[in-house]
Amino acid sequence: MAEIVLMPKMSDTMTEGVIAKWHKKVGDTVKSGELMAEIETDKATMDYESFNSGVVLYLGAQEGQAVKINDVLAIVGKAGEDYTALLAGAKSTASAGGKTETKAAPVAAVAEAAPAIDTSGIKAEIVLMPKMSDTMAEGVIAAWHKKVGDSVKSGELLAEVETDKATMEYESYNTGTLLYVGAKEKEAVAVNGVLAIIGDKNADWQTLLKVHQAKASGTTAIPKAAATPAAQTAEPAKVEASSSNGRVKASPLARKMARDLGYDISRIQGTGDHGRITKRDIENYKPSAAPAATTSAKAAAPGKTEKPVVLPAVVGKESFEEIPVSQMRKTIARRLSESKFSAPHFYLTMEINMDKAVEARKSINEIAPVKISYNDMVIKAVAAALRQHPDVNVSWLGDKMRKNHHIHIGVAVAVQDGLLVPVVRFADNKSLSHIAVEVKELAQKAHDKKLQPSDWEGSTFTISNLGMFGIEEFTAIINPPDACILAVGGIKETPIVKNGQVVPGNVMKVTMSCDHRAVDGAVGSAFLKTLKGLLEDPVRILV
């Protein structure tokens, strides 16, 4: 008898698991204790060993997709066994929040009103948009590598999908003919939306798609005539501007354009329906003697001796470009808006004398195997200061606060579409050379859109440095769930007072944004004081 395998809870904070890899596919035999899948939780990627023996009849998600705890992970049973009723029962239980009570009357009424369409005989499968990152809500088709009508084999590259973090390759898990694509290039498809349909060349994919869309919208009937009245009523409104009472037939936009450009609209020949003047007619119109005629008419007016002012015809065109918002930019907007309007920010600014840091960097780079930047020194100093001030190395989790014993520094990296924050893990335990190499590698991966979730997850404190752009001072928005972010300005040569004398010095300003729910002013100030001491005497960060 077939049995449902549910997604287990593999950590105390886990709410769902992402299928990192299937080690069994539909039709394979699986034994109790055999490795069935690798599941990525919020903590780690863990092996899932089967507790059932039999044949894999159904898989609840593709690789890269998420499955919530206690949702269907797989179904294991005897070869050829019908599991549809078992799966339907499990899904209805899940949608009811685990409750098994159902109301028979409404279900019967729906069944009578619109009997379900049997699609079991259609030899085609719907490919859904997988969830390729933890924050992904939709994916934009960067490129299709197959077009409708092409043959597709399992494992072949089907498309490139732009998520909020990177552009990733999507390999097909199906074999057959590409019958339908759910979006054109540069268009977005929501997670679990229809990406494509693959199957036999002559399969009735239209019915399969309609049934899927009906199920997604919560209905079983697909009215075909609903759109017809709207289309019929919209058509007369389009032609309403035209009439046969002798007035000029023109669209409102064409009239406005002609008025703005100073054209006599009655002189323009319309190419639209029934001679209607359109936007294109205005754009293609070339005025000839209209300004001269106006001038001569003014000159002929009696009682006027002054010369009429002849103004040149100024032809201009308003233009703009609307650029689709990338997935990365959408996520940046959403997460930073949530941070700014939910976390009460306060800001602490401090000037740091970098004279000794400048000298130390020169000396270090004479012997270092890689070039050390000021940003590398700031990362190392921040990590050392966090070790002394653990109350700053915290994360706000709503109903609780996490005090992190490890130090993972997020480093903001500007890329073409926005901003990514790769993480230098255990930064306090790494040398300056180690940090320099790692930051360069992460920055390059960010620019190439090759960062993996393990590269950007888990920061406990973030640094944003705009000093290389000549910015002296700025404030940054906290990167949740971190409680603080340090905004680092450029090093500027400026007069400073030293031993009662005004002398030139190298000064760098830093501003720390703090979440007041987790970090108080005194705690943040003490941290900055320690950071200032470490950078003004950088030998201390090497000890």
Side-chain angles (χ1 to χ4, degrees), residues 1-98 100 119-134 152-158 168-176 191-192 195 198-200 452-454:
M1 181 178 177
E3 292 186 44
I4 291 178
V5 180
L6 300 179
M7 172 64 75
K9 188 170 184 178
M10 296 177 162
S11 77
D12 54 343
T13 57
M14 175 181 171
T15 59
E16 63 181 16
V18 175
I19 307 300
K21 185 176 181 180
W22 282 111
H23 288 272
K24 297 289 181 180
K25 62 181 183 293
V26 173
D28 285 355
T29 301
V30 62
K31 296 180 181 178
S32 178
E34 273 192 316
L35 182 61
M36 190 170 184
E38 294 176 26
I39 299 174
E40 181 185 343
T41 72
D42 57 333
K43 301 290 182 62
T45 299
M46 307 174 73
D47 291 340
Y48 175 77
E49 296 179 357
S50 176
F51 295 95
N52 309 77
S53 296
V55 174
V56 179
L57 304 175
Y58 171 82
L59 297 177
Q62 297 178 356
E63 291 182 0
Q65 287 186 322
V67 180
K68 292 183 178 179
I69 290 173
N70 293 327
D71 276 4
V72 178
L73 181 63
I75 297 179
V76 177
K78 295 179 181 178
E81 189 174 353
D82 184 8
Y83 61 86
T84 52
L86 186 66
L87 179 61
K91 286 186 175 179
S92 63
T93 302
S95 63
T100 55
T119 60
S120 59
I122 299 176
K123 295 182 179 180
E125 290 188 45
I126 292 178
V127 180
L128 301 180
M129 173 64 75
K131 188 172 184 179
M132 295 177 167
S133 79
D134 53 340
V152 182
K153 294 182 180 178
S154 178
E156 275 192 319
L157 183 60
L158 184 64
M168 307 175 75
E169 294 180 345
Y170 177 79
E171 295 180 357
S172 175
Y173 297 95
N174 308 79
T175 298
V191 170
N192 292 326
L195 181 63
I198 298 174
D200 285 358
Q452 297 300 309
S454 58

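FYI, the numbering just counts along the sequence from 1.
The shortest side-chain heavy-atom distance between I4 and I75 falls under the 4.5 Å cut-off. Side-chain contact check for M7 versus I39: some heavy-atom pair is nearer than 4.5 Å. Within the 4.5 Å cutoff, no side-chain heavy atoms of S50 are placed close to those of K24. Counting heavy atoms from C-beta on, the side chains of T29 and V55 come closer than 4.5 Å. Side-chain contact between V67 and L6 is absent, with no heavy atoms from C-beta onward closer than 4.5 Å.
Not one N or O on the side chain of E16 forms a donor-acceptor pair closer than 3.5 Å with the backbone of A66. For E63 (side chain) and W22 (main-chain N/O), a donor-acceptor pair under 3.5 Å exists by modelled atom type. When atom types are taken as modelled, the side chain of D82 and the backbone of T84 share a donor-acceptor pair closer than 3.5 angstrom.
From E3, atom CD reaches atom CG of L57 across 11.0 Å, with rounding to the nearest 0.5 Å. Taking CG of N192 as the start and CD of Q65 as the end, the distance is 5.5 Å to the nearest 0.5 Å. Once rounded to the nearest 0.5 Å, the distance linking CD of Q62 with CG of N174 reads 6.5 Å. To the nearest 0.5 Å, atoms NZ (K68) and CG (L73) are separated by 15.5 Å. Distance CD/E34 to CD/E49: 9.5 Å, rounded to 0.5 Å. Rounding to the nearest 0.5 Å gives a distance of 11.5 Å between CG of L158 and CD of E169.
Other residues, nucleotides and ligands contribute more than 12 heavy atoms inside 6.0 Å of the CD atom of E38.
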Would you sort out whether H23 and D28 count as a side-chain contact (heavy atoms from CB on, under 4.5 Å), showing the intermediate values? CA-CA 10 Å; H23 288 272; D28 285 355; over 6 Å; no
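Between L59 and A74 the shortest heavy-atom distance is CD2-CB, 4.1 Å.
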